[in-house]
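Below, chains carry the letters A, B, ... as their sequence lines are ordered, and counting in each starts from 1.
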Number of protein chains: 2
Amino acid sequence: MSYSIGQVAEKTGLSAYTLRYYEKEGLLPYVQKNASGLRIYNEDDISWLSMIECLKATGMPIKEIRQYIEWYKEGDATLSKRLELFRKRRLTVEQELSKLKKILGKVEFKIRLYEKAVAAGSLEAANNSEEINQLREELFGDPNYFPEVEEKKAV
Amino acid sequence: MSYSIGQVAEKTGLSAYTLRYYEKEGLLPYVQKNASGLRIYNEDDISWLSMIECLKATGMPIKEIRQYIEWYKEGDATLSKRLELFRKRRLTVEQELSKLKKILGKVEFKIRLYEKAVAAGSLEAANNSEEINQLREELFGDPNYFPEVEEKKAV
DNA sequence: ATATACGTTAGAGCGTACTCTATATCAAGG
DNA sequence: CCTTGATATAGAGTACGCTCTAACGTATAT
């Protein structure tokens, strides 16, 4: 099965512009062209694209993705470099996950605070409530810790 | 306690350039200046900065952070808008978390694959091994699912 | 055969978030 | 007073990842 650039764009959610850009940047070294110069993508190209999307989702910049692809093209001589690369990606993703979990806690605290504020019609009232201070202590281990202390500010 | 821009840069890890840029973009509307025009940051400014860092970590662009700050300045009339904003942030973070967990699974699969490939000296051998195919099935529910099928490609 | 839709290239442009430069002023120690 | 180092401003420049334009070629239905 083969696909035009438009069909691949449809399938992947990437624009045709982006597909050509990736190719220009060396991320899709295997895309064939027919006699008239039109790109013909096959299943393997689609698979490469899903690999690229995976690496991008780990926060990897395009230059480094190209590096991976170049190593891939060099064959088994670069296996350990590629292993190393994936281990670094794992670390990055793990760090991002733990960062985001903390952030989620803070956002959830804010939601509770603002739910109470909306109910009370006053941020100040919610912010000084027993419930919120207790929550603050539970979440941040300190009733005096205000990750969003700006609410206390006299404006 | 008050701080110079350099001290705040030190404390927060942001550059002085970035601090001025944030101010210009309306993210730090309360920073005072002394008679000579030098910025004097106080604890509340630091707190705003940590709020900004939190919102940035949720993927929020600077323009929207400014919107939040403008709503904050308008007082209790905008409480429900701000609640809504935090609920959207929660959704964004939850989606990002679930995406990253899937990505981590794929990266871990790759690590196992490459560990085996390094041991065998051949990606092809690892890729066709019983163990890897079993893992593929465990992880992706399909022994024929190849999220990185490019390894099968004849290069 | 021609209209229309889709594809090609090279290269310019854009949005975001900084980051730096040039030039000038400020603050503190010797 | 003078030097040194931090800070001020306006505005230019950078890096990244696209995104689009212009001018032209291809494919296909009527």
Under 30°, 30 to 60°, or over 60°: which ring-plane class applies to B:Trp48 and B:Tyr30, parallel, tilted or perpendicular?
tilted
B:Arg66 CZ - C:dC18 C1' separation (whole Å):
15 Å
What integer distance in Å separates A:Asn34:CG from D:dG25:P?
16 Å
Would you please confirm or rule out a distance under 4.0 Å between OP1 or OP2 of D:dG17 and any side-chain N or O of A:Thr18?
no
Is A:Glu131 salt-bridged to A:Arg136, cutoff N-O under 4.0 Å?
no
Below the 4.0 Å mark, does D:dA8 have OP1 or OP2 next to a side-chain nitrogen or oxygen of B:Ser36?
no
Please round to 10 degrees the angle between the axis of the first five pairs and the axis of the last five pairs in the helix from C:dA1-D:dT30 to C:dG30-D:dC1.
10°
Would you mind reading off the distance between B:Leu27 atom CG and C:dT16 atom P, rounded to a whole angstrom?
13 Å
Side chains of A:Tyr3 and A:Glu10, donor plus acceptor under 3.5 Å
no
Closest-nucleotide 5' rank along DNA chain D - winner of A:Arg20 and A:Leu38
A:Arg20
Is B:Lys56 near enough to C:dC18 that one of its side-chain N or O atoms lies under 4.0 angstrom from OP1 or OP2?
yes
Just wondering, do A:Leu85 and B:Tyr114 contact through their side chains at under 4.5 Å, heavy atoms?
no
Under 3.5 Å donor-acceptor, B:Thr78 side chain and B:Lys81 backbone:
no
Whether A:Arg39 contacts C:dG7 is assessed here as follows: a side-chain N or O lying under 4.0 Å from the phosphate OP1 or OP2. Is that the case?
no
Contact under 4.0 Å: A:Tyr22 side-chain N or O vs D:dC18 OP1/OP2
yes
note: A:Ile62, atom CD1; D:dC16, atom P; distance rounded to Å ~ 10 Å
Between B:Ser47 and B:Ser50, does any side-chain donor sit less than 3.5 Å from a side-chain acceptor?
no
Separation of D:dA8 atom C1' from B:Lys24 atom NZ, nearest Å, is 12 Å
Separation of D:dA8 atom P from B:Tyr21 atom OH, nearest Å, is 18 Å
Any B:Lys33 side-chain N or O less than 4.0 Å from OP1/OP2 of D:dT9:
yes
A:Glu10 CD to C:dA5 C1', in whole Å, measures 15 Å
Check whether any side-chain heavy atom of A:Tyr68 sits under 4.5 Å from a side-chain heavy atom of A:Leu55, and report yes or no.
yes
Think B:Ser15 has a side-chain N or O under 4.0 angstrom from the OP1 or OP2 of C:dC18?
no
Between atom CD1 in A:Ile5 and atom C1' in D:dC20, what is the gap in whole Å?
14 Å
